[in-house]
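Read through the structure below, which is laid out as structure tokens, and then see the notes.
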Amino acid sequence: MQLLRLLGVVGVLMLAGCASQKSLVPEVTQGVAEDGHKTVAVAPAGAVCSRTQCPVLAASWSSAKAGQAVLMVGLPYQKAEVTGADFHVGINQVVRVRSRSSSAAPELGFPATAFDVPLNLIAQLAYAARSWVRVYTADGRSVDETLNSGEQRGRAVESMSYFLSAVESASGKPLAVEGNRGGLLERFGDGK
């Protein structure tokens, strides 16, 4: 009888611990702006991190500029402003992000900058087989971190794929984005 009580207490503690952990599903919000345009945003999420200064990405979209997204790049545990990022996608493609957005980055408690990017870059981050990012700061330093090693995918990669699905849902039509979405038929060249 005492063993059953002990197991019951352990079970309750485990459930409480699980409930207090962050959700594994990225937080994506959809809405309508005051001007009537549909909006989608995804909460900040990190790369595959090997250090405390782990780059964090978030994105937002508005139907007012359907082919564009605002990509937020943040870098915790340092004080210098984020000035840009280079996204290394696939074998040899590098996308340099420097065009600051008029949209402000959310307050995260660490430096973050919002950049205007083509929606296609978000698709590349979400669906590329391998990717990594180099984040530049105003003090002349840079931090490199893996987004998708092929074996490990950062939460930021997962967030971008959920974000794109929400954008498709909000726009009411499939996005014309390049990249393998991970479907079996697409991997064998038969996906439509």
Are [Y] and [X] linked, directly or through intermediate hydrophobic residues, by side-chain heavy-atom contacts shorter than 4.5 Å (ILVMFWY only)?
{"X": "Leu164", "Y": "Val95", "value": "yes"}
{"X": "Leu121", "Y": "Met160", "value": "yes"}
{"X": "Val143", "Y": "Phe115", "value": "yes"}
{"X": "Val97", "Y": "Val133", "value": "yes"}

If we only count heavy atoms from C-beta on, is the [X] to [Y] side-chain gap below 4.5 Å?
{"X": "Pro111", "Y": "Gln78", "value": "yes"}
{"X": "Tyr127", "Y": "Ser161", "value": "yes"}
{"X": "Val40", "Y": "Thr29", "value": "no"}
{"X": "Ser159", "Y": "Leu57", "value": "no"}

Point to revise | Residues in side chain to side chain donor-acceptor pair (under 3.5 Å) contact with Arg100, at least two apart in sequence or another chain | key: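 Arg100 satisfies side chain to side chain donor-acceptor pair (under 3.5 Å) with Glu81 once adjacent residues are dropped.
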Gap between atom [atom2] of [Y] and atom [atom1] of [X] - 0.5 Å precision:
{"X": "Gln93", "Y": "Gln124", "atom1": "CD", "atom2": "CD", "answer": "4.5 Å"}
{"X": "Leu125", "Y": "Asn148", "atom1": "CG", "atom2": "CG", "answer": "10.0 Å"}
{"X": "Tyr162", "Y": "Arg155", "atom1": "OH", "atom2": "CZ", "answer": "10.0 Å"}
{"X": "Phe110", "Y": "Lys79", "atom1": "CZ", "atom2": "NZ", "answer": "13.5 Å"}
{"X": "Leu71", "Y": "Leu119", "atom1": "CG", "atom2": "CG", "answer": "11.0 Å"}
{"X": "Ile91", "Y": "Arg130", "atom1": "CD1", "atom2": "CZ", "answer": "9.0 Å"}

If every non-hydrogen atom of [X] is compared with every non-hydrogen atom of [Y], which pair is closest and at what distance?
{"X": "Ala112", "Y": "Ala105", "answer": "O-CB, 3.5 Å"}
{"X": "Ala166", "Y": "Gln30", "answer": "CB-NE2, 3.6 Å"}
{"X": "Cys54", "Y": "Pro76", "answer": "O-CD, 3.1 Å"}
{"X": "Pro26", "Y": "Val42", "answer": "CB-CG2, 4.2 Å"}
{"X": "Val32", "Y": "Thr39", "answer": "N-OG1, 4.0 Å"}
{"X": "Ser171", "Y": "Trp61", "answer": "CB-CH2, 4.1 Å"}

Hey, is the main chain of [Y] close enough, under 3.5 Å, to the side chain of [X] for a donor-acceptor pair?
{"X": "Arg51", "Y": "Asp144", "answer": "yes"}
{"X": "Asp86", "Y": "Val94", "answer": "no"}
{"X": "Arg134", "Y": "Phe87", "answer": "no"}

**Study point:** side chain to side chain contact (heavy atoms under 4.5 Å, CB included) assessment of Tyr136 paired with Ser142
**Key:** CA-CA 4 Å; Tyr136 296 94; Ser142 65; 3.9 Å; yes
Review point. Hey, mind stepping through Val73 and Thr113 against side chain to side chain contact (heavy atoms under 4.5 Å, CB included) and telling me if it holds?
Key: CA-CA 6 Å; Val73 180; Thr113 304; 5.8 Å; no
Practice item. Apply the side chain to side chain contact (heavy atoms under 4.5 Å, CB included) test between Val48 and each candidate in Thr146, Leu147, Val157; give the one that qualifies. Key: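 It is Thr146, the one option of Thr146, Leu147, Val157 that forms the side chain to side chain contact (heavy atoms under 4.5 Å, CB included) with Val48.
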Check your understanding: Remaining members of Tyr77's ILVMFWY cluster at a side-chain heavy-atom cut-off under 4.5 Å?
Key ->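 Answer for Tyr77: none, a lone residue.
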Check your understanding: What do the steps show when you test Asp116 against Val70 for side chain to side chain contact (heavy atoms under 4.5 Å, CB included), and what is the final call?
Key -> CA-CA 5 Å; Asp116 290 330; Val70 176; 3.7 Å; yes
